[in-house]
Number of protein chains: 2
Amino acid sequence: MNKNIYLHIYNDYSARIQSGQLPAGKKLPSESELAEAYGTSRETVRKALLMLSQNGYIHKIKGKGSFVLDTQRMNFPVSGLVSFKEVSKNLGRSVRTIVYENGCVPSTSEEERRLQMKEPGPLWKVVRAREIDGEKIILDKDYFLTSYVPSLTAETAGNSIYAYLEGELHLTISYAKKEISVEEATPEDKLLLDLHDYQHIVVVRNYVHLVDTKLFQYTESRHRLDKFQFVDFARRAQSESDL
Amino acid sequence: MNKNIYLHIYNDYSARIQSGQLPAGKKLPSESELAEAYGTSRETVRKALLMLSQNGYIHKIKGKGSFVLDTQRMNFPVSGLVSFKEVSKNLGRSVRTIVYENGCVPSTSEEERRLQMKEPGPLWKVVRAREIDGEKIILDKDYFLTSYVPSLTAETAGNSIYAYLEGELHLTISYAKKEISVEEATPEDKLLLDLHDYQHIVVVRNYVHLVDTKLFQYTESRHRLDKFQFVDFARRAQSESDL
DNA sequence: AAGTGGTCTAGACCACAGT
DNA sequence: CTGTGGTCTAGACCACTTG
């Protein structure tokens with residue numbers, strides 16, 4: 001068992017910090033001590049600590065040590081890909097998913113542009129509303145290239161599509177670009193969501209790429225203004241030329 | 001000259017990729033080749049490639065190599081700290097800064113909460129509007145703990161505060177938490193910005209920490225709805241327990 | 001001076017791609 | 001089989017912090 005020791009260390013400490021077992025400000029063992037404790041080398045420990053640092057769990061200070069950050073106040077480090085992050089900020093609420101549409105459709109010109117399609121073709125389209133505490137707050141519109149995702153069952157659409165893509169189809173998602181903007185609410189928004197009198201809506205566009213760098217999914221997540229929140233944790237760049 | 005070789009490699013390649021000299025899809029030399037070319041070891045090369053990958057410049061595929069990503073379409077990798085990122089999405093526009101307020105004020109209870117102050121005290125407060133193409137689009141409200149920033153000149157407030165903090169005061173910014181939400185426009189927003197008839201405003205709250213993990217600055221950036229855009233580049237997490 | 005993290009080395013073995 | 005990136009090792013020297 002000498003594989004992915006750094007992930008093991010990372011999981012150990014991220015769990016202990018998230019659970020509050022290690023409180024904010026607490027000093028971690030030194031890198032040498034951790035190396036010995038896990039029976040590994042210092043560089044491997046450093047790899048785990050780098051990840052903890054980049055994900056907002058700890059903070060390293062040269063000459064002093066590594067310290068637990070206040071993750072409670074941080075909510076949690078976002079900038080992630082995982083689908084429901086924006087929603088599940090406050091857990092312990094009743095969440096329900098309503099599937100409005102789930103099937104294969106011909107592409108529109110806008111969808112071709114979003115998915116960088118060279119010519120019109122079929123798309124798998126899923127439209128779902130997320131209901132929280134009895135109000136339909138979020139409209140999720142997902143588009144998949146049929147070459148990767150031939151079809152989705154209604155049951156899958158009602159649950160986590162990501163789990164299906166990775167677990168069943170073995171598609172490996174690699175990276176994504178996310179754009180957040182505010183736009184005028186469309187008639188569709190007003191029809192499918194409980195928008196009250198809001199005239200605008202927060203649009204989160206997600207362009208999802210596979211390991212072969214191919215764009216395979218485009219997702220539009222449309223949030224009611226008052227319920228939207230996005231949290232981002234950012235470290236200062238080390239390089240000068242990074243703008 | 002054997003220090004920060006990995007930064008050197010990173011700067012070389014990020015520059016070449018941003019300039020378009022290395023086009024999207026181009027394969028980089030292998031890690032061994034790069035190690036020899038730069039007269040260093042493979043692990044050092046890997047450190048540079050990891051940074052390039054995390055900042056959205058390249059993409060690594062096991063068994064195949066490292067490939068340049070389409071950074072044009074990416075706009076640029078955000079999740080940064082640099083102040084004007086949200087604004088400067090489209091460059092080449094006339095941008096002007098109007099300083100409304102720049103001085104020391106007693107703290108309000110909300111400000112004490114934002115800055116985690118235990119008791120009331122003086123704050124350095126800067127209020128500025130950003131005018132783009134003749135319209136005041138963004139209202140920036142910055143608060144600094146006077147223990148770190150005793151004062152700012154009007155000239156500094158008109159330019160980049162960050163450059164002053166790091167260059168002159170030698171404060172090293174380490175990390176920040178950013179929160180994006182949409183709120184009702186205040187009378188102050190309507191007075192100081194060209195809001196048209198928009199009743200809501202996008203609020204970006206920034207909590208900035210120094211290397212000693214102390215929170216020293218709180219910034220509120222209030223954007224007119226229609227001009228707001230946030231772009232984020234996210235890599236898929238390697239760990240399972242990351243939610 | 002002792003302890004800490006930051007950087008670097010020169011190897012090694014593995015898993016995966018392509019031939 | 002060869003070449004690629006992914007992981008790991010057991011050292012080394014440096015810069016910084018603290019006593």
Side-chain angles (χ1 to χ4, degrees), chain A residues 1-11 13 25-54 57-69 170-172 174-175 210-214 235-239, chain B residues 1-11 13 25-54 57-69 170 172 174-175 210-214 235-240:
Chain A
M1 208 329 190
N2 49 349
K3 213 42 161 321
N4 286 346
I5 305 174
Y6 77 96
L7 266 187
H8 184 216
I9 302 176
Y10 172 82
N11 288 332
Y13 274 88
K26 182 86 173 178
K27 184 174 174 303
L28 264 56
S30 75
E31 297 179 348
S32 319
E33 286 168 343
L34 283 172
E36 196 176 3
Y38 281 91
T40 185
S41 68
R42 213 185 119 209
E43 281 292 357
T44 300
V45 170
R46 284 178 56 72
K47 204 163 176 176
L49 296 187
L50 175 66
M51 283 177 65
L52 288 168
S53 154
Q54 289 178 328
Y57 289 111
I58 67 167
H59 184 244
K60 312 181 77 181
I61 306 178
K62 187 192 299 193
K64 295 181 78 172
S66 300
F67 301 87
V68 175
L69 284 178
H170 301 296
L171 294 174
T172 311
S174 171
Y175 62 93
L210 298 175
V211 287
D212 62 2
T213 79
K214 289 289 196 312
R235 300 211 85 83
R236 188 67 164 153
Q238 301 98 311
S239 148
Chain B
M1 214 309 203
N2 50 347
K3 212 42 160 321
N4 288 346
I5 305 175
Y6 76 96
L7 267 187
H8 184 215
I9 302 175
Y10 173 82
N11 288 331
Y13 275 88
K26 182 86 174 178
K27 183 174 175 302
L28 264 54
S30 75
E31 297 179 348
S32 320
E33 285 169 343
L34 283 171
E36 195 177 3
Y38 282 91
T40 184
S41 68
R42 211 186 120 208
E43 281 292 356
T44 300
V45 169
R46 283 178 57 72
K47 204 162 176 177
L49 295 187
L50 175 66
M51 284 176 64
L52 288 168
S53 153
Q54 289 179 328
Y57 288 111
I58 67 166
H59 185 245
K60 311 182 77 181
I61 306 177
K62 189 194 295 194
K64 296 181 79 172
S66 301
F67 302 86
V68 175
L69 285 178
H170 301 297
T172 311
S174 171
Y175 62 93
L210 298 175
V211 286
D212 60 3
T213 79
K214 289 287 196 315
R235 299 212 85 83
R236 186 69 164 151
Q238 300 100 311
S239 147
E240 306 82 50

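Since the model is a prediction, treat every value here as computed from it, not as a measurement. Here is how names work: the chains are called A, B, and so on, in the same order as the sequence lines, proteins then strands, and each is numbered from 1.
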Can you tell me how far the NZ atom of Lys47(A) sits from the CG atom of Asn4(A), to the nearest 0.5 Å? 8.5 Å
Roughly how many Å is it from [atom1] in [X] to [atom2] in [N], rounded to a whole number?
{"X": "Arg46(A)", "N": "dG11(D)", "atom1": "CZ", "atom2": "C1'", "result": "15 Å"}
{"X": "His59(A)", "N": "dG6(C)", "atom1": "NE2", "atom2": "P", "result": "10 Å"}
{"X": "Glu31(B)", "N": "dA17(C)", "atom1": "CD", "atom2": "C1'", "result": "15 Å"}
{"X": "Leu50(A)", "N": "dT7(D)", "atom1": "CG", "atom2": "P", "result": "12 Å"}
{"X": "Lys47(B)", "N": "dG6(C)", "atom1": "NZ", "atom2": "C1'", "result": "6 Å"}
{"X": "Arg42(B)", "N": "dC13(C)", "atom1": "CZ", "atom2": "P", "result": "14 Å"}
{"X": "Glu43(A)", "N": "dG6(C)", "atom1": "CD", "atom2": "P", "result": "11 Å"}
{"X": "Lys64(A)", "N": "dG6(C)", "atom1": "NZ", "atom2": "P", "result": "13 Å"}

Describe the nucleic acid contact of Leu49(B) in one word from base, sugar-phosphate, nothing, applying a heavy-atom distance below 4.0 Å.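 The residue Leu49(B) makes no contact with any strand.
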For Ser30(A), which contact category applies under a 4.0 Å heavy-atom criterion: base, sugar-phosphate, or nothing? sugar-phosphate
Does Thr44(A) put a side-chain nitrogen or oxygen below 4.0 Å from OP1 or OP2 of dT9(D)?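 Answer yes for this pair, as a side-chain N or O of Thr44(A) is under 4.0 Å from OP1 or OP2.
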Would you find more than 12 non-hydrogen atoms of other residues, nucleotides or ligands less than 6.0 Å from Lys27(A) atom NZ?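 Counting other residues, nucleotides and ligands, NZ of Lys27(A) exceeds 12 neighbours.
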Of the listed nucleotides (dT4(C), dA10(C), dA17(C)), which one gets closest to any side-chain atom of Glu33(A)? dT4(C)
Measure from the side-chain heavy atoms of Ile5(B) and tell me the nearest of dC8(D), dC8(C), dC16(C).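 When the side chain of Ile5(B) is considered, dC8(C) is the closest of dC8(D), dC8(C), dC16(C).
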Whom does dG3(C) pair with, Watson-Crick or G-U wobble, provided both distances fall under 3.5 Å?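 Per the H-bond distance test, dC16(D).
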Can you list the steps and then say if Leu52(A) with Lys60(A) is a side chain to side chain contact (heavy atoms under 4.5 Å, CB included)? CA-CA 10 Å; Leu52(A) 288 168; Lys60(A) 312 181 77 181; over 6 Å; no
Taking the nucleotide of DNA chain C with the nearest heavy atom to each, does Ser41(B) or Lys27(A) sit closer to the 5' end?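 Going by which nucleotide is closer to the 5' end, it is Lys27(A).
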